[in-house]
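Reading through the C-alpha cells given below for one structure.
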Amino acid sequence: MDQPDNPREPNRSPDAYERVPPQTCDVLVVGGGINGAGIARDLAGRGHSVVLCEKDDLAQHTSSSSTKLIHGGLRYLEHYEFALVRKALAEREVLLRSAPHIMWPLRFVMPHDPGMRPVWMIRAGLFLYDHLARREVLPGSTTVDLRQHPAGRALKPAYTKGFVYSDGWVDDARLVVLNAIDAAEHGATVLTRWRCVDAQRGASWRVQLESTAGARRELSARVLVNAAGPWAAQFLAEHAHVPRAKALRLVKGSHIVVPKLFDHDHAYIFQNPDKRIIFAIPYERDFTLIGTTDVEHHGALGEAHIDAAETAYLCEQASRYFAQAVAPRDVVWSYCGVRPLLDDESGDPSAVTRDYSLELDTAQAPLLTVWGGKITTFRKLAEEAADLLAAPLRASAQRGAWTHGAHLPGGDLSAWIGPAQRPDTDFTRFAQALALRHPQLPAPVRLRWARAYGARIERLLAGGPLGAEVAPGLFEAELQYLHDHEWARSADDVLWRRSKLGLHYSAAQRGAVADWCTAHWGGLMH
C-alpha cells in the first residue's frame, strides 16, 4: 500500500472537521457525490488544504442512485466508445483491490435471444471486453448451456444458450462516504449540509457558505472545483457567475427492487427489443434489483421520481426472460437518479456518452468544472483533476498521484489476514477471522458490519457496549459511530445511504430509528 507523506490521525473523528469552516484553503470542492469526494481525497492526499461542501448528505442524489456496478460498459462498445470502455475496464481491479469489503467481483449471464444481436456480434464484443484491459482477478467470458447452468432455472425454457462474463459490484453510497473519510483523515474539511450560495472571482475566490440552519461563513479559496453533478451548469450561472461552456444532458435512470427471483449469485444482463439493456442483480440477500431506464429529465433537479411508465417498462422487459413474471405490484422499493451526461447531440438518451470532461478556466482564480462521468472512472477522474490543478496551485503539494495502489478506509485487511491475495477470497478470510475474534456478535450483524466497515470494525466496537437495539440488528453504538465518523445526521442517512436497512424494516421499525435520531441528534444538528 502506498502510504501518504503526512501521517493519518486514526483517532480523529471527521465530525471535528465540519463544525466551523476554515477561513482559507487551497481548494474548495462543491459537491459531495463520488466525483467531489474523490477529488477532495486525491488533493488532500497530495498535501493541499481542501474544503468539501455538500448542500445535502453525501451521495444523497445521483451517486446513491446507480445500478451499483463497477463495469466497463459492455454496451458502450456498440457506440464505438473504446477509449471509455478501456479506461473503465482498467479501473475495475484497481477499485476491487482498494475496498474488498464494499466491492466484489460479479459474474453476469446474458441469455441469447436469436431475435436480438447475433451470436458472432456478442462473441466479438465479449472478446474485446476480455482483452481491452489487463485482468488478474476477473475471469474471462464463456458460453454456457442454460439447460444445465444454475442461472437457467429462473429463465423461460426458450432461453437455452447464454454468455457469461465478469464485472464488479459496489455499494455506491458507501464508496462516496469512504472517499470523504479518507479526505478528512488526510486533513480535508468535509461540510455536509452546507451550501455554496455565492462565489466571487478575483485573484482568489471569495465564497459564501450557508448551513441548513442558516449559519453563514465566508471562505477564501485559491481554486474552486465545481463537482455539482446535475447542478454543475446551474451552479456556474447562478452562484459562480461564470458563463457555462458546455451543455449537460440530464437523463433519469430508475430502478425497481422486487422479492428475489433467483437463488444463485450471478446477475443477468437482458437485451431489449429497443436495443437497450437492463440488469437483474441479486440485492440485499432477499431481493432482486432491476434497472435501469434512460429518460430525458426536464423537471426540477432534486425532484426526480420513477414514473408508472418506467416501472411498467422494467417489469415488462424482465418478464420477457424470467419464468416468474414481474409485475408493478411486486415492487417493494424504487429509486431514481439524474445522470449529468455530456450533450453529444445523440438522439437516443441511452447512446449519450458516459465519459467525462474536465474544463479548467484560469482567466482569473482557477475554476475546474467536472462534466459527466460514471462511478467506475471516479478515481481516474479525480487523479486527472488533481494533475490539472498542479500548475495553478504552483506545485505546493507534498506529493503527486498516489491513489492507484492505496486502500480506501477499511479496505486494508492485512492486519486480520496477512498479505492480500485476491479481493473476493481476502474478504472471505476476513469474515472468518472476524467470527473467531468476535463470536459474541450475532452472525447477520457481524457479516453486515464486515461488509460496511471492513478493517475499521474495531473502531465501531471500541466504544464499549453496543447499547440498546433500536431496530433489528441496529444498535446504539453503530448509530453513534455513523454520526461521529460518517456524517450521518438523520434516519434516512442511516437507513438508505450508510446502509440499506430501510429495505428490511417495517414502517414502525423505520419510525423507531427516526425517533432515536431526532432524540439524540436533534434533527440535522445544523
Side-chain angles (χ1 to χ4, degrees), residues 67-82 84-86 88-93 96 104-170 260-283 288-292 294 314 316-324 326 350-351 354 374 376 424:
T67 315
K68 310 184 192 313
L69 299 180
I70 296 294
H71 69 138
L74 181 61
R75 70 184 179 89
Y76 305 151
L77 293 174
E78 285 192 314
H79 303 297
Y80 307 106
E81 296 228 39
F82 300 115
L84 171 61
V85 174
R86 181 183 294 110
L89 289 174
E91 282 294 291
R92 293 180 307 177
E93 295 195 8
L96 289 171
W104 56 89
L106 186 61
R107 293 287 271 174
F108 288 79
V109 177
M110 178 190 291
H112 180 240
D113 184 338
M116 301 292 166
R117 298 162 179 85
V119 169
W120 69 263
M121 181 182 291
I122 296 173
R123 283 180 173 160
L126 290 173
F127 178 84
L128 282 173
Y129 208 68
D130 284 343
H131 293 91
L132 276 174
R134 182 179 178 183
R135 286 179 296 106
E136 294 180 352
V137 173
L138 299 174
S141 61
T142 186
T143 303
V144 296
D145 182 348
L146 292 174
R147 293 168 297 188
Q148 306 296 325
H149 194 279
R153 289 197 288 270
L155 302 175
K156 291 179 176 177
Y159 299 105
T160 60
K161 185 178 199 174
F163 306 88
V164 179
Y165 69 94
S166 296
D167 266 320
W169 163 267
V170 62
K260 68 178 179 179
L261 299 167
F262 48 90
D263 290 319
H264 57 80
D265 61 358
H266 285 44
Y268 294 94
I269 176 172
F270 296 147
Q271 304 174 84
N272 305 337
D274 57 8
K275 302 300 183 184
R276 295 197 65 257
I277 57 95
I278 62 169
F279 295 100
I281 302 168
Y283 190 60
T288 299
L289 171 65
I290 301 172
T292 178
D294 281 304
L314 293 173
E316 179 184 354
Q317 299 311 317
S319 297
R320 291 182 62 251
Y321 289 88
F322 284 122
Q324 176 184 337
V326 182
S350 68
R354 268 55 175 177
K374 61 199 295 281
T376 308
D424 48 352

**Asked** Can you tell if the side chain of Lys374 reaches within under 4.5 Å of the side chain of His71, non-hydrogen atoms only?
**Response** yes
**Item:** From Trp169, Phe108, Phe270, residue fulfilling ring-ring contact (aromatic ring centres under 6.0 Å, His included) relative to Phe279
**Value:** Phe108
**Request:** Could you pull out the closest heavy-atom pair between Ala318 and Val326, with the gap in Å?
**Result:** CB-CG2, 4.2 Å
**Test applied, side-chain contact (heavy atoms from CB on, under 4.5 Å); reference residue, Met110; option that passes from Val164, Ile277, Leu74, Val144** = Leu74
**Request:** Please tell me if the side chains of Pro139 and Arg107 come closer than 4.5 Å, counting only heavy atoms from C-beta onward.
**Result:** yes
**Asked** Can you name the nearest heavy-atom pair linking Arg123 to Lys161, along with the distance?
**Response** NH2-NZ, 3.7 Å
**Request:** Say whether, by atom type as modelled, one donor and one acceptor occur between the side chain of Glu81 and the main chain of Tyr76 under 3.5 angstrom.
**Result:** no
**Complete:** Residues Leu314 and Gly291: closest non-hydrogen pair is CD2-CA, 4.0 Å
**Heavy-atom side-chain contact between Ile290 and Leu261 under 4.5 Å** = yes
**Request:** Starting at CG of Asp130, measure out to OH of Tyr165 and round the result to the nearest 0.5 Å.
**Result:** 11.0 Å
**Request:** List the steps, then state whether side-chain contact (heavy atoms from CB on, under 4.5 Å) holds for Leu128 with Val85.
**Result:** CA-CA 10 Å; Leu128 282 173; Val85 174; over 6 Å; no
**Prompt:** So Tyr321 and Tyr159, would you call those rings parallel, tilted or perpendicular, with 30° and 60° as cut-offs?
**Reply:** parallel
**Message:** Can you tell me how far apart CG (Leu96) and CD (Glu91) are? Round to the nearest 0.5 Å.
**Reply:** 10.5 Å
**Flag side-chain contact, heavy atom, 4.5 Å: Pro273 against Arg320** = yes
**Message:** I want to check something: taking the side chain as every heavy atom from C-beta on, are Thr143 and Phe163 in contact at a cut-off of under 4.5 Å?
**Reply:** yes
**Request:** Would you indicate whether the side-chain heavy atoms of Arg153 and Phe262 approach each other to under 4.5 Å?
**Result:** no
**Prompt:** Any idea which heavy atoms bring Ser141 and Leu126 closest together, and the distance?
**Reply:** OG-CB, 3.6 Å
**From Arg75, Arg92, Lys68, residue fulfilling salt bridge (Lys or Arg N to Asp or Glu O under 4.0 Å) relative to Asp167** = Arg92
**Message:** Treating Asp113 as the side-chain partner and Gly115 as the backbone partner, does any N or O pair qualify as donor plus acceptor under 3.5 Å?
**Reply:** yes
**Asked** Is it true that Lys275 and Glu78 have a side-chain N and a carboxylate O under 4.0 angstrom from each other?
**Response** no
**Request:** Would you name the heavy atoms of Pro282 and His266 that are closest together and state the gap between them?
**Result:** CD-O, 3.4 Å
**Prompt:** What is the distance from atom CD of Gln271 to atom CD1 of Ile278, rounded to the nearest 0.5 Å?
**Reply:** 11.5 Å
**Message:** Quick check: closest heavy atoms across Asp145 and Thr160, and the distance to 0.1 Å?
**Reply:** OD1-O, 3.3 Å
**Asked** Is Phe82 atom CZ crowded by more than 12 heavy atoms from other residues, nucleotides or ligands, each under 6.0 Å away?
**Response** yes
